[in-house]
Trainee: 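Attaching a single structure in C-alpha cells format; questions to follow.
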Amino acid sequence: MIRVAIAGGSGYAGGELLRLLTAHPDADVVQITSERLAGKFAHRAHPNLRGATRLRFRTLGELDECDVLFSCLPHGESARRIDDFRRVAPRVVDLGADFRLSDAAEYERFYGRPHPRPDLLGRFVYGIAELNRGALAEADLVACAGCNATAAILGLRPLYLEGVADSVVVEVKVGSSEAGNRATPGSHHPERSGAMRSYKPTGHRHLAEIRAALGGDIHFSATAVEMVRGVLATCHAFVNRDLDDKALWRIYRRAYAAEPFVRIVKERSGIHRYPDPSLLAGSNYCDVGFERDPSANRVVVLSAIDNLMKGAAGQAVQAFNVMHGLPETRGLEFPGLHPA
C-alpha cells in the first residue's frame, strides 16, 4: 500500500481527495491535516464520509513520513512549506497554484507578487495526464492544473496539435465551489443565488496556464453562475483553414480516442447533445464537443468538467496513478449522476 497524507484536508478539494483515496485499493490515507479542526474527526468537515473513515485532523507540525503528500492548502502556503513537505514525503502533489507556472515573470504578472521559491519553478510537472503522461510517470513533484485551465486546455488541445487555431476566445461559466469553502461577499447565498456575474473579464490567473500549455493568441473571461459544481468552457476558435464536421471529428478522435477520461459529446439531437457539467458531478470525465460555424472560420468548442474532480482531486488521483504505474482509472471509475 502507498501511504498518503493530505495537507489542508478540510476544504472541498481535500474532502474529495479523501473520498477518492479512502476507497482507492492501492492507497492508505494515514494523515490529514487542518489547523482549525485539529483533533476532530474528518467527517466534521466532510459529513458524507461519516463511517467511511475514522481519521482525525492533525496539525501540519504533526506530519509524519509517508510516500506521497497531497497539498490542498490555500495558494501561497505550499511554496512556504515545500521544504517541510519534501522532508516527510519523497513525492508531493500540489493542488494549489504555487507551482503551475515555470516562468517567474509570468507568475508575478498574474499573481501580483514575486514567487517565493523561484528556484523550484520548472521542477514541478503540470498535472494534466493527457498532456504530460510520460513526465508524470517519472515525477516526484506535481502541480495540478487550475480547473478553468483544465477545461479550456482539454477542449482546445486537439486544434493546437493540428496547428489550425489562429486565435481563441474562452468564456467559462463556473459553480460556487470553485471559490472554496470560506464564505465571501460574492458567495453569500442572497448575493449568489440567481446570479450570473462576470467576475474576471480579463486577467484571470488561469489564462497564464492555458497559454503556457497551448501557446498562441488566447483570451479568457470567467462568469459565476448559480451552480455548486462544474465548469463549462465555451471556446471560440478562429481557424486558419476550412474544416467540415468530418475533419473536426478526425482531429478530436486522433487526440482522444485512447483517453480514458475524455469523451467526445456531439449528438444530432436531444437536450444532452453537447457537454453539460451537471452530468459530471463526482466524476473525473471531461466532456468535449464542437460546432462548426458555417458562415465564418470559427469552431465553437464546448468543454465540461466537475471542478472539484477533473479540475482538482480527480486530476490529482489520476496523476498519482500514473506516477505509480497503476491503471490510470484506478479509484476513478464513478460515471456521474443523472439526474443530479
Side-chain angles (χ1 to χ4, degrees), residues 6 9 11-25 27 29 42-43 45-53 72 95 128-130 144-148 150-152 154-155 172-181 187 189 192-196 223-234 256 259-289 302-321 327-340:
I6 303 171
Y12 292 141
E16 283 293 85
L17 195 54
L18 180 60
R19 176 177 70 86
L20 294 172
L21 292 172
T22 296
H24 195 293
V29 185
H43 67 245
H46 310 300
N48 58 314
L49 299 181
R50 187 177 284 114
T53 176
C72 302
L95 279 72
I128 300 179
E130 292 79 6
C144 290
C147 53
N148 300 320
T150 299
L154 291 176
V172 298
K173 294 177 178 62
V174 304
S176 57
S177 62
E178 182 176 292
N181 68 349
S187 65
H189 183 267
R192 181 80 186 214
S193 181
M196 186 174 291
T223 301
V225 297
E226 188 176 14
M227 186 175 191
V228 175
R229 289 177 183 249
V231 175
L232 176 66
T234 303
Y256 290 141
E259 288 296 342
F261 290 117
V262 181
R263 305 185 296 194
I264 301 173
V265 178
K266 182 174 169 56
E267 305 288 346
R268 293 182 181 273
S269 62
I271 62 172
H272 300 302
R273 63 187 182 274
Y274 298 120
D276 180 349
S278 69
L279 303 177
L280 300 175
S283 87
N284 195 52
Y285 287 102
C286 175
D287 284 353
V288 176
L302 303 157
S303 179
I305 63 171
D306 178 341
N307 57 293
L308 295 176
M309 282 293 296
K310 187 60 173 168
Q315 180 184 140
V317 173
Q318 188 177 353
F320 168 87
N321 288 339
E328 206 160 312
T329 58
R330 188 73 60 89
L332 294 170
E333 294 89 351
F334 181 71
L337 300 170
H338 176 257

Trainee: Please list, chain by chain and in numerical order, all residues satisfying side-chain contact (heavy atoms from CB on, under 4.5 Å) with A312, sequence neighbours excluded.
Mentor: A13, L95
Trainee: Work out which heavy atom in L20 is nearest to a heavy atom in G331; give both atom names and the distance.
Mentor: CD2-O, 3.8 Å
Trainee: Would you confirm whether Y256, through its side chain, and L154, through its main-chain N or O, come within 3.5 Å as a donor-acceptor pair?
Mentor: yes
Trainee: What is the minimum heavy-atom distance between K310 and T150, and which atoms define it?
Mentor: O-CG2, 3.8 Å
Trainee: With rounding to the nearest 0.5 Å, note down the distance linking CD in E130 to SG in C286.
Mentor: 7.5 Å
Trainee: NE2 of H24 to CZ of F320: how many Å apart, nearest 0.5 Å?
Mentor: 5.0 Å
Trainee: Please check: side-chain N/O of R50 versus main-chain N/O of A42, any donor-acceptor pairing under 3.5 Å?
Mentor: no
Trainee: With rounding to the nearest 0.5 Å, note down the distance linking CE in M309 to CG in L17.
Mentor: 9.5 Å
Trainee: Might you point out which heavy atoms bring N307 and S177 nearest each other, and give the distance in Å?
Mentor: ND2-OG, 3.0 Å
Trainee: Got a second to check how far H189's NE2 is from S176's OG, nearest 0.5 Å?
Mentor: 9.0 Å
Trainee: Main chain of G9, side chain of H46: is a donor-acceptor contact present, judged purely on distance under 3.5 Å?
Mentor: yes
Trainee: Give a yes or no answer on whether the side chain of Q315 reaches the backbone of A145 with a donor-acceptor pair at less than 3.5 Å.
Mentor: yes
Trainee: Walk me through it: do L302 and T234 pass the test side chain to side chain contact (heavy atoms under 4.5 Å, CB included)?
Mentor: CA-CA 5 Å; L302 303 157; T234 303; 3.6 Å; yes
Trainee: Closest heavy-atom contact between P275 and G289?
Mentor: CG-N, 3.4 Å
Trainee: Could you please spell out the steps behind the side chain to side chain contact (heavy atoms under 4.5 Å, CB included) verdict for L279 and D287?
Mentor: CA-CA 10 Å; L279 303 177; D287 284 353; 5.5 Å; no
Trainee: Roughly how far, to the nearest 0.5 Å, is the SG atom of C72 from the OH atom of Y12?
Mentor: 14.5 Å
Trainee: Return the set of residues passing salt bridge (charged side-chain N to carboxylate O under 4.0 Å, His left out) with E178 (not counting sequence neighbours), or none when no residue passes.
Mentor: none
Trainee: Would you name the heavy atoms of L232 and A304 that are closest together and state the gap between them?
Mentor: CD1-CB, 4.2 Å
Trainee: List in chain and number order the residues that pass side chain to side chain donor-acceptor pair (under 3.5 Å) with S269, two or more places apart in sequence or in another chain; answer none if no residue qualifies.
Mentor: none
Trainee: Spell out, as yes or no, whether a donor-acceptor pair under 3.5 Å connects the side chain of N321 to the backbone of R330.
Mentor: yes
Trainee: Before giving the answer on side chain to side chain contact (heavy atoms under 4.5 Å, CB included), spell out for L332 and Q318 the whole-Å C-alpha distance, their side-chain angles and the decisive distance to 0.1 Å.
Mentor: CA-CA 8 Å; L332 294 170; Q318 188 177 353; 3.8 Å; yes
Trainee: To the nearest 0.5 Å, tell me how far R19 CZ sits from L49 CG.
Mentor: 8.0 Å
Trainee: Which heavy-atom pair separates M227 from R192 by the least distance, and what is that distance?
Mentor: O-NH2, 4.3 Å
Trainee: Pair V29, T53 - check side chain to side chain contact (heavy atoms under 4.5 Å, CB included), show working.
Mentor: CA-CA 9 Å; V29 185; T53 176; over 6 Å; no
Trainee: Any sub-3.5 Å donor-acceptor pair from S303's side-chain atoms to A152's backbone N or O?
Mentor: no
Trainee: Under 3.5 Å, is there a donor-acceptor pair between the side chain of D306 and the main chain of G230?
Mentor: no
